[in-house]
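Everything numeric in this text was worked out from a predicted model, so none of it was measured.
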Amino acid sequence: MARTHASYKRRRSSRRSSLLGKLSSYFNPSVQYGVTIISAIALAGFLFSGYLLFQYADSEDLLARGRRQVEQGKVALGAKTLQMLVYKYPTSYEGHLLLGKAYLELDERKKAEQEFRMAASLKNDKNMEDSGADIAMSKIAVAKKDFDKAQDLLLTAMAKAKKGLGPNNVAKSDEQYRDIMALRQALFELYDAWGDDLMAEEAESEDKKLYPDMIAKYERALRYANDYRNEDGVKEKLIEAYTFYAAYLSDHKKDDQAITLMKKSLRYRYLPETLIELASAYERTGNLDEAIVWYRKAFDANPSTISIRLTSVLMKKGRLLLEDKKQEEADRYFEEADQISKRANLPLDQLYPVKISEMQVVSNVDAETGEFMPKVKLRFENSGERSINFLITKVELVSGDEEITQMTQVIASPDKPMLSKNDFEEGGKLKKDAKTWSSITLMPKEKLNVHMFKRGQYKVVVSTAYNEGPEQTWKIQAVQEAKIQKVPETVEGDNPPVPAQPV
C-alpha cells in the first residue's frame, strides 16, 4: 500500500511540472509574438479573399438584377439598380452599356449618350479586340437617330468578327462567340428602333410611302433576333405593317401586291382575318378558284364569320360552271355551299337577306256600308349574293292585339327565282329573264268592315319565310300603321310609295 501511494505521488508531480512548462512557454514574450503574427496573417488573408469574393458576387448580382428588371419592363427600377452598379464599379463596361439602354427607353437621350461614351472609352482604354466599343458608339448614333451610321459601325464590326470563324462558321473561342452574339443583338435593336421610327413618322403621313422601308427594317430585325422574346414583339409590329400596307394597296387596285404581303404575314401569325382578306383579294381579281381555297381555310379557322362569304363564292363558281354547260361540276359547288350552311348552323335570313324597298297601304272604303278592301303593295329585293329559289310573304292586319286577317303570296320559286347582284352579264346588264326584285299586291279574300277595327286604326305586319310546311319560320320584315278613312284618302297610283318601317 505504501509503495502504491508513493508511485501515485510521483506521477501527479510529473503531470504538474509538464503543464507548468507549457504555460510558461505561452507567457514567453518571443513565443507569443510569433503566434500573433501568424494568426494575423491568416486572418488578413481570409478577410481579403472574402472581400474579393463579395465584391465579384455583388457586381454580378447588380448587373443580373438590372438586366432582369429592364427585360421585365421595370425600366426605371432597372436604371436605379444599374446606377448603383456603375457608382460602386465605375469600370463596369456592361453596366454602363446596359444603363445607356435603360436611359434610351426612358427617353433620356443625353444620359444614354454619356453612358455609351463611357462604355466605349472603357473598351478603348483596355485595348480589347472585341466589338464593345463599336456597339457602344452605335448606340450613340441610334440615340441621335443616325441609323445609317449605326448600321455601318455594326456591319463593319460583324465582318471583322466573322473573319476568324472556323469551318462551318463555328466560333473558335467562347470570347468570339459572345462577341458575335453581342453584335447580333445590337443589330436587332438597331433595326427594331429604325422600324419604330419609320412607323412613328408614317403615322403622321397619309401616302404610305414609308411602309416598304419599315417592313424591310422589321424583317432584318427578325434575322438578328437571338431569342423568342425579341422575336415576338417585332412580329406583332411587322404583322401590323403588313396589314395596313396591304389594305392601302387593295384600296388602290393593287391586289396582287397586297396578296404577296398577306401571305408573308401568315408566316408569323396564322390569323383568320388575314385568310379572309386574302380570299377577298383573290375574289376581286376574278380568281375564284384561289378565293375558294382561302375561304375554305378561313372557314375551318372561324366558321361563324366566313360561312356566308364562302357559300356566296361557291354559288358564284357554280353558276359560272352552269353557263359553261358543266352541270355535274356546278352541282358539287352548290352541294358544298349547302353543307357549309348547315355546318355553320346559320339562319336562312343571313344566307338570303331580303329587304322591302317599297310599301304602300291603300284603304278603299265604302262610306255607305262601311266595307273596305285594303290593298298592300310591296317591293322585295334580294340584297345578298345568292339567288333565292323560294320566298313567301305573309301580311297580317292587326287591330289592337287581335289579328283581323292575313294574306300570303309566294315571291320566289325554283321556276322564277329572285336572282342576286352577281347574276349580271359583263357591262352591268341583267341576264335574260333575271330579276333581283319582286313587286306584289295583296288583298283580303273577303271584304272587311270598319267595325272590326278599334277606332278605325290597324297595323300592317309583313313577314317572310324561306320554306313551307311544319318547319316554316316567319321573320317580321316591316310594320306600318294605317288608318281607315270613310272617304278614301288615296287612289291607287295617286301617291308615291311609302318607305317601309324596318323592325
Side-chain angles (χ1 to χ4, degrees), residues 191-192 194-196 198-199 201-203 205-223 225 231-321 323-324 329-330 332-333 336-337 340 344 384-386 420-422 424 426 428:
Y191 289 122
D192 186 26
W194 204 343
D196 289 348
L198 290 169
M199 180 174 284
E201 189 177 345
E202 184 60 69
S205 173
E206 295 182 357
D207 55 13
K208 310 302 182 206
K209 291 181 179 179
L210 297 178
Y211 268 104
D213 199 19
M214 181 201 312
I215 289 170
K217 297 301 181 290
Y218 283 139
E219 288 176 338
R220 288 184 188 179
L222 284 178
R223 279 186 236 152
E231 285 185 3
D232 285 341
V234 176
K235 282 180 180 178
E236 294 300 328
K237 290 183 280 191
L238 185 55
I239 291 169
E240 181 181 345
Y242 281 142
T243 302
F244 279 106
Y245 192 45
Y248 170 80
L249 291 171
S250 293
D251 290 342
H252 289 75
K253 312 301 181 183
K254 297 179 181 179
D255 281 310
D256 290 337
Q257 296 179 43
I259 286 169
T260 301
L261 282 179
M262 286 186 282
K263 284 184 176 180
K264 284 185 177 181
S265 174
L266 290 175
R267 300 176 189 173
Y268 305 110
R269 291 283 188 277
Y270 199 77
L271 300 175
E273 51 265 35
T274 305
L275 299 174
I276 294 171
E277 291 302 323
L278 259 171
S280 299
Y282 274 119
E283 188 176 1
R284 286 192 298 270
T285 62
N287 191 339
L288 291 185
D289 291 328
E290 281 295 322
I292 290 171
V293 168
W294 289 99
Y295 274 135
R296 283 170 177 162
K297 292 179 180 180
F299 179 79
D300 291 335
N302 195 345
S304 61
T305 301
I306 199 58
S307 52
I308 294 178
R309 299 177 73 169
L310 176 54
T311 54
S312 296
V313 75
L314 288 168
M315 296 292 289
K316 188 186 296 184
K317 178 67 177 179
R319 286 193 292 271
L320 290 174
L321 289 170
E323 291 180 6
D324 293 338
E329 293 183 44
R332 286 199 295 269
Y333 283 97
E336 182 181 354
I340 287 171
E385 298 183 352
R386 303 179 65 179
S420 72
K421 59 185 178 182
N422 294 316
F424 285 85
E426 293 183 4

Q. Distance from E277 atom CD to T243 atom OG1, nearest 0.5 Å?
A.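 Those atoms lie 8.5 Å apart.
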Q.
Using every non-hydrogen atom in the two residues, find where L278 and L266 come nearest and quote the distance to one decimal.
A.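 Result for this residue pair: CD1-CD1, 3.5 Å.
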**Q.** For the student: nearest non-hydrogen atoms of M199 and M214, plus distance
**A.**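 Distance-wise, the nearest heavy atoms are CA-CE, 3.6 Å.
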Do [X] and [Y] have side-chain heavy atoms sitting under 4.5 Å apart?
{"X": "R223", "Y": "Y191", "value": "no"}
{"X": "D300", "Y": "L275", "value": "no"}
{"X": "E219", "Y": "V234", "value": "no"}
{"X": "Y268", "Y": "L222", "value": "yes"}

**Q.** Residues in side-chain hydrogen bond (donor to acceptor under 3.5 Å, both in side chains) contact with E231, at least two apart in sequence or another chain
**A.**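 For E231, no residue satisfies side-chain hydrogen bond (donor to acceptor under 3.5 Å, both in side chains) once neighbours in sequence are set aside.
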Check residues 285-295 and write down every donor-acceptor pair under 3.5 Å in which the side-chain atom is one partner and the other belongs to a residue at least two apart or another chain.
| residue | atom | partner | partner atom | Å |
| --- | --- | --- | --- | --- |
| T285 | OG1 | Y282 | O | 2.7 |
| N287 | OD1 | E290 | N | 3.2 |
| D289 | OD1 | K317 | NZ | 3.1 |
| E290 | OE1 | W294 | NE1 | 3.3 |
| Y295 | OH | S280 | OG | 3.3 |
| Y295 | OH | E283 | OE1 | 2.9 |

Q) Please, which pairs that meet salt bridge (Lys or Arg N to Asp or Glu O under 4.0 Å) have at least one residue in residues 242-256, sequence neighbours excluded? A)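 The answer is D255-R284.
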Q | Parallel, tilted or perpendicular, as decided by the 30° and 60° cut-offs, for the rings of H252 and Y248 | A |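 Answer is tilted, since the angle falls between 30° and 60°.
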How would you list, by chain and number, every residue that makes a salt bridge (charged side-chain N to carboxylate O under 4.0 Å, His left out) with [X], sequence neighbours excluded?
{"X": "E336", "result": "R296"}
{"X": "R220", "result": "none"}
{"X": "K297", "result": "none"}
{"X": "D324", "result": "none"}

Could you tell me which residues satisfy side-chain contact (heavy atoms from CB on, under 4.5 Å) with [X], sequence neighbours excluded, listed by chain and number?
{"X": "P212", "answer": "Y245"}
{"X": "R269", "answer": "D232, K235, E236, I239, L271"}
{"X": "A258", "answer": "A246, L249, S250, M262"}
{"X": "A337", "answer": "T311, L314, M315, R386"}

Q | Stepwise side-chain contact (heavy atoms from CB on, under 4.5 Å) check, D192 with K237 | A | CA-CA 9 Å; D192 186 26; K237 290 183 280 191; 2.7 Å; yes
Q. Any Lys/Arg nitrogen of D196 or K217 sitting under 4.0 Å from an Asp/Glu carboxylate oxygen of the other?
A.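 The answer is no: the pair does not qualify as a salt bridge.
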Q: Could I get the full list of ring pair (Phe, Tyr, Trp, His ring centres under 6.0 Å) partners for Y333, not counting sequence neighbours?
A: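 Partners of Y333 by the ring pair (Phe, Tyr, Trp, His ring centres under 6.0 Å) criterion come out as none, since no residue qualifies.
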